[in-house]
Enquirer: 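Sharing a structure here in structure tokens format.
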Amino acid sequence: MTAEHIIAGSAYSLAQGMAGVSTIFLRFNTVTVFKSSKVVFVMLMSHLILGEPITRTAISHSFLMSVGLFALSNSDLKTSKHADEKQDSIFGIILIVAGLATSAIGNVIQQAVLQETPIQW
């Protein structure tokens, strides 16, 4: 077992925990849309960790998806009736984004280990 295996396993564990806790603070629709946007995080992490190039088309798709996520999360904040609900929504969004980022790190490291690609630390 190498350090990459430990990092990937830890990233998956953290991601599952953060995604599970975020469902307490966010509406189901918001969590589902954020989880479906995991491709943006995986693309970014594969570029940062493995040095894979990103095409302009992928960047434009990611940008449009991010705009949609912002609009949905903003509407989630505006429909909250109390200040406590707004703070909970912000905390939930932070948790789901952190969970997606750690999950993307785990995916990229797993891909690098399986393909025996050197990781750029």
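Quick note: residue numbers are just sequence positions, from 1. These numbers come from the heavy atoms of this one structure, side chains and all, not from hydrogens, waters or symmetry mates.
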Enquirer: Does Glu52 have more than 12 heavy atoms from other residues, nucleotides or ligands lying within 6.0 Å of its CD?
Expert: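 Check passes, neighbour count above 12.
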
Enquirer: Are Val39 and Met65 side-chain neighbours, meaning at least one heavy-atom pair lies under 4.5 Å?
Expert: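 They are in contact (side-chain heavy atoms under 4.5 Å apart), so the answer is yes.
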
Enquirer: If we only count heavy atoms from C-beta on, is the Leu48 to Leu44 side-chain gap below 4.5 Å?
Expert: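 Yes, side chains in contact.
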
Enquirer: If you measure from CD1 on Ile109 to OG on Ser10, what distance do you get to the nearest 0.5 Å?
Expert: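 Between Ile109 CD1 and Ser10 OG, I get 9.5 Å after rounding to 0.5 Å.
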
Enquirer: Given the rule that I, L, V, M, F, W and Y join up when any side-chain heavy atoms are under 4.5 Å apart, are Ile24 and Leu95 in one cluster?
Expert: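 Same hydrophobic cluster.
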
Enquirer: Using every non-hydrogen atom in the two residues, find where Ser89 and Leu26 come nearest and quote the distance to one decimal.
Expert: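 Scanning both residues completely, I find the closest heavy atoms to be O-CD2, 3.4 Å.
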
Enquirer: Please name the pair of heavy atoms, one in Ala15 and one in Gly99, separated by the smallest distance, quoted to 0.1 Å.
Expert: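 Shortest heavy-atom separation between Ala15 and Gly99 comes out as CB-O, 3.2 Å.
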
Enquirer: Show, in sequence, the C-alpha distance, side-chain angles and deciding distance for Asn107 and Gln111, and conclude whether the side chain to side chain contact (heavy atoms under 4.5 Å, CB included) test is met.
Expert: CA-CA 6 Å; Asn107 285 350; Gln111 176 187 356; over 6 Å; no

Enquirer: Which pair of non-hydrogen atoms, one from Leu50 and one from Ala112, has the smallest distance, and what is that distance?
Expert: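 Closest approach of Leu50 to Ala112, heavy atoms only: CD2-CB, 3.6 Å.
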
Enquirer: Heavy-atom distance under 4.5 Å between the side chains of Val97 and Phe41, does that happen here?
Expert: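 Val97 vs Phe41: side chains touch.
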
Enquirer: Give the minimum heavy-atom separation between Met43 and Ala58, together with the two atoms involved.
Expert: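 In terms of heavy atoms, the two residues are closest at SD-CB, 3.5 Å.
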
Enquirer: Can you name the nearest heavy-atom pair linking Phe34 to Leu100, along with the distance?
Expert: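 Heavy atoms only, the tightest pair is O-CD1, 3.1 Å.
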
Enquirer: Spell out, yes or no, whether Ile7 and Met45 are grouped together once hydrophobic residues are joined by side-chain heavy atoms under 4.5 Å, including indirect joins.
Expert: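 Linked, Ile7 and Met45 end up in one cluster.
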
Enquirer: Roughly how far, to the nearest 0.5 Å, is NZ of Lys35 from OG of Ser103?
Expert: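 One gets 9.5 Å once the value is rounded to the nearest 0.5 Å.
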
Enquirer: How many angstroms lie between atom CD1 of Ile94 and atom CE of Met18, to the nearest 0.5 angstrom?
Expert: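 These two atoms lie 11.5 Å from each other.
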
Enquirer: Verify, without hydrogens or angle tests, whether Thr102 (side chain) and Ala98 (backbone) share a donor-acceptor contact under 3.5 angstrom.
Expert: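 Present.
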
Enquirer: Nearest heavy-atom pair of Ser22 and Val31: which atoms, and what distance?
Expert: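 Shortest heavy-atom separation between Ser22 and Val31 comes out as O-CG2, 4.3 Å.
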
Enquirer: Is it true that Ile96 and Leu14 fall in one hydrophobic cluster, defined by side-chain heavy atoms closer than 4.5 Å?
Expert: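 No, Ile96 does not connect to Leu14 through the hydrophobic network.
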
Enquirer: Has His47 got a side-chain atom pairing as donor or acceptor with Pro53's backbone, closer than 3.5 angstrom?
Expert: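 No; zero donor-acceptor contacts below 3.5 Å.
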
